[in-house]
*Asks:* 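Submitted below is the structure of interest, expressed as structure tokens.
Computed from a predicted structure; not experimentally measured.
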Amino acid sequence: MTELPLPVVVPRAEDFDEIARLLALAFHGGFDPELVEVDRGIFEPERSLLVRDGATTVAHVGAFTRDLSVPGASVPAAHVTMVSVAPTHRRRGLLTGLMRRQLREVRDAGREPVAVLWASEGRIYPRFGYGLAAQRLIVRCQTTELRLPEPTSAAGTLRLDEPAARQGELARLYDRVRADRPGWSYRDERWWGYVLADVKALRGGATERRVLLHEGPDGVDGYALFRTKEEWDGGSPKGEVRVDEVVAANPAAYLALWRLLLSIDLTRQLSFGTAAVDEPLLWLVNEPRRLGAQLADALWVRVVDVPAALAARRYATDIDVVIEVSDDLLPENAGRWRLVGGPSGATCTATDAPAQLACDVRSLGELYLGGTGLGALAAAGRVGELVPGTCLLYTSDAADD
């Protein structure tokens, strides 16, 4: 483990203010008391590592304890967060030391086979074994020329409400849909409080957040969290709809939500920063290119325990393959592993059998959620095909997941 030039401590709950000030400094924000109180509600001090230089907090890394949806299952995952180093203490090995120590502690605890994060800069985390497992689309569009199909059924009602007033219904629908959405994280009461908190400092001049609900024959089967921002071009309206989240249990609810979001009076623009790469909206609008969708990275995955992680998820087709894995930071992961599985379950065990595929732990993380194709990584030279034809045999499984 890398030795740090300054001592590392596990902070107390009352140390959160100084951590929040470090984060505000590192991410060029202000110390907003309302925002700090919201963030304090999900802080897990026992999962944090803090570095001080004298009385000054200069580096920090933390994690949240949450479950993550993976293909066919849900697994405990360390949700890495609040990674920051003061500008005065860069290039001293603090980030490297903290990230390596955190990985070792997650591995030794034995509860979480993977760690995940959203990266401020993608070049930082591959050196710690994190792979880009999921991407997203950022939608910024003019709505005036976009059209959606007419609904096929009149069933269903749209209602507007305050999000906090409908938290229970939102949580039930989210849990129902999350099972089939690899990369979505579990939300308990604390996390719903965090998600629905509407801090004024984060509104960017827009309204308070609202929820649009779609109610079908069996109750709420879709919702959208959004806000609007007033804007005028001379005497003409040019308002913006800012969409935070859309969750729908069926195509009818999804279509109804988007039909309203794209046609709110006095608005001409819409933004949505977390659309899926295969977002159904792309196949609903009459002119997809006008969505202005731009590809960006989303979730990064670090496989912490190879056999536990690979056995935890399910596979679209039967699979029996030996993979040789390299891992410079967690040597327990290195070696040859036989993965046998399918739609109903999987096992992964150490083996002396010849490997058919070879990759590092970063590539394994990129493949883990099923959003990255095995063939694509092989073509990039990131996965070695030791037995010809193996990639072709299992590429369909990766794509199907």
*Asks:* Can Asp244 and Arg209 be counted as an ion pair, charged N to O under 4.0 angstrom?
*Replies:*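 Salt bridge: yes.
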
*Asks:* Under 4.0 Å between a Lys/Arg side-chain N and an Asp/Glu carboxylate O for Asp17 and Arg40?
*Replies:*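 Judged by the 4.0 Å cut-off on N to carboxylate O distance, Asp17 and Arg40 do form a salt bridge.
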
*Asks:* Would you mind writing out the side-chain donor-acceptor pairs for residues 124-132 within the sub-3.5 Å range, not counting sequence neighbours?
*Replies:*
unit_1, atom_1, unit_2, atom_2, d
Arg127, NE, Ile124, O, 3.3
Arg127, NH1, Thr96, OG1, 3.1

*Asks:* Could Arg12 and Asp15 be called an ion pair, given the rule that one side-chain N must be under 4.0 Å from one carboxylate O?
*Replies:*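 Here Arg12 pairs with Asp15 in a salt bridge, since their nearest N and O are under 4.0 Å apart.
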
*Asks:* Indicate yes or no: does Arg104 engage Glu332 in a salt bridge with an N to O separation below 4.0 Å.
*Replies:*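 Between Glu332 and Arg104 there is a salt bridge, with a charged N closer than 4.0 Å to a carboxylate O.
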
*Asks:* What are the two closest heavy atoms between Ala346 and Tyr315, and how far apart are they?
*Replies:*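 Residues Ala346 and Tyr315, closest heavy atoms: CB-CE1, 3.7 Å.
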
*Asks:* Spell out, as yes or no, whether a donor-acceptor pair under 3.5 Å connects the side chain of Ser69 to the backbone of Arg178.
*Replies:*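 Confirmed, Ser69 side chain pairs with Arg178 backbone.
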
*Asks:* Can Asp360 and Arg362 be counted as an ion pair, charged N to O under 4.0 angstrom?
*Replies:*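 A salt bridge is absent here (no side-chain N lies under 4.0 Å from a carboxylate O).
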
*Asks:* Between the side chains of Asp198 and Arg203, is the shortest nitrogen-to-carboxylate-oxygen separation below 4.0 Å, so that they form an ion pair?
*Replies:*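 The answer is yes: the pair qualifies as a salt bridge.
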
*Asks:* Cationic tip of Arg66 within the cone over Tyr186's six-membered ring, i.e. under 6.0 Å and within 45° of the normal?
*Replies:*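 Judged by the rule, Arg66 and Tyr186 form no cation-pi pair.
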
*Asks:* Taking 4.0 angstrom as the limit, do Arg166 and Glu169 come out as a salt bridge?
*Replies:*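 Salt bridge flag = yes for Glu169 with Arg166.
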
*Asks:* Considering only NZ, NE, NH1 and NH2 on the basic side and carboxylate oxygens on the acidic side, decide whether Lys200 and Glu34 come within less than 4.0 Å.
*Replies:*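 So Lys200 does not pair with Glu34 through a salt bridge.
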
*Asks:* Give the ring-plane orientation class for His60 versus Phe43, where under 30° counts as parallel, over 60° as perpendicular and anything between as tilted.
*Replies:*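 Plane angle between 30° and 60°, so tilted.
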
*Asks:* Using 4.0 Å as the upper bound for N to carboxylate O, is an ion pair formed by Glu105 and Arg107?
*Replies:*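 Result for this pair is no, no salt bridge flagged.
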
*Asks:* May I ask you to decide whether Glu240 forms a salt bridge with Arg268, counting only side-chain N to carboxylate O separations under 4.0 Å?
*Replies:*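 The answer is no: the pair does not qualify as a salt bridge.
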
*Asks:* Taking NZ, NE, NH1 and NH2 as the nitrogens, is one of them in Glu150 or Arg259 under 4.0 Å from a carboxylate oxygen of the other?
*Replies:*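 Yes, this pair counts.
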
*Asks:* Both conditions, 6.0 Å and 45 degrees, for the charged tip of Arg187 above the ring of Trp192: are they met here?
*Replies:*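 Yes.
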
*Asks:* With distance as the sole test, does Glu287 use its side chain to make a donor-acceptor pair with the main-chain N or O of Leu146 at under 3.5 Å?
*Replies:*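 Pair absent, no side-chain N/O of Glu287 close to backbone of Leu146.
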
*Asks:* Looking at Arg210 and Glu162, is there a salt bridge between them, counting it only when a charged N and a carboxylate O are closer than 4.0 Å?
*Replies:*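 Looking at Arg210 together with Glu162, the answer is no, because their closest N to O distance does not fall below 4.0 Å.
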
*Asks:* Restricting to non-hydrogen atoms, name the atom on Ile319 and the atom on Gly342 that form the minimum distance, rounded to 0.1 Å.
*Replies:*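 Result for this residue pair: CG2-N, 4.5 Å.
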
*Asks:* So which atom in Arg314 and which in Gly72 form the shortest heavy-atom distance, rounded to 0.1 Å?
*Replies:*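 For Arg314 versus Gly72, the nearest heavy atoms are CG-O, 3.6 Å.
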
*Asks:* Would a distance-only check, ignoring hydrogens and angles, find a side-chain to backbone donor-acceptor pair under 3.5 Å from Asp327 to Leu330?
*Replies:*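 Yes, Asp327 side chain to Leu330 backbone: donor-acceptor pair under 3.5 Å.
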
